[in-house]
Amino acid sequence: MKAIYVSLLAAAGVMSAGAVQAEDAAALAKSKNCMTCHQVDKKVVGPSYKDVANKYTAKDEPMLAEKIIKGGKGAWGPVPMPPNKVTPEEANTLAKWVLSLK
């Protein structure tokens, strides 16, 4: 019986850690002004994050992180995305979060 409780507590901890990480990534996106041009579920200047998540897969995560750092153009229309002042770790966090929004 004790093993069941320990397992349930461990599972709850893992699930809440995922929610905290998602909140941290959303806060990071806001702090880096990503939300000026992007929203989770609607197009603003750039595509919605859900549209990006639906277009790409986990194997595209490094490419998305690089685009977050260096900027990009042409994939979503004529308006280019400027380079962002983020560390590689922050770019990876943002790319992983965006892809989780499917």
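These numbers come from the heavy atoms of this one structure, side chains and all, not from hydrogens, waters or symmetry mates. Since we're looking at a predicted model, the values are computed, not measured.
Looking at residues two or more places apart in sequence or on another chain, you find a side chain to side chain donor-acceptor pair (under 3.5 Å) between S48 and D51. For N92, the side chain to side chain donor-acceptor pair (under 3.5 Å) criterion is met by no residue, not counting sequence neighbours.
Across every non-hydrogen atom of A65 and A91, the tightest pair is O-CB, 3.5 Å. The two residues L64 and A95 have their closest heavy-atom pair at CB-CB, 4.0 Å. The two atoms that bring C34 and L94 nearest to each other are SG-CD1, 4.3 Å, heavy atoms only.
The ring-ring contact (aromatic ring centres under 6.0 Å, His included) pairs that include a residue from residues 42-65 are H38-Y49, Y49-W97, where partners are two or more places apart or lie in different chains. Screening residues 87-98 for salt bridge (Lys or Arg N to Asp or Glu O under 4.0 Å) gives K32-E90, E61-K96 as the qualifying pairs, with residues at least two apart or on separate chains.
Not a single donor-acceptor pair under 3.5 Å links the side chain of K50 to the backbone N or O of K102.
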Got a list of side-chain donor-acceptor pairs under 3.5 Å for residues 39-46, not counting sequence neighbours?
residue: Q39; atom: NE2; partner: M35; partner atom: O; Å: 2.9
residue: K43; atom: NZ; partner: V45; partner atom: O; Å: 3.2

Result block: side-chain N/O donor-acceptor pairs under 3.5 angstrom for residues 70-84, not counting sequence neighbours:
residue: K70; atom: NZ; partner: E66; partner atom: OE2; Å: 3.3
residue: N84; atom: ND2; partner: I68; partner atom: O; Å: 2.8
residue: N84; atom: ND2; partner: P82; partner atom: O; Å: 3.2

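Between atom CG of residue L99 and atom CG of residue D60 there is a gap of 7.5 Å, rounded to the nearest 0.5 Å.
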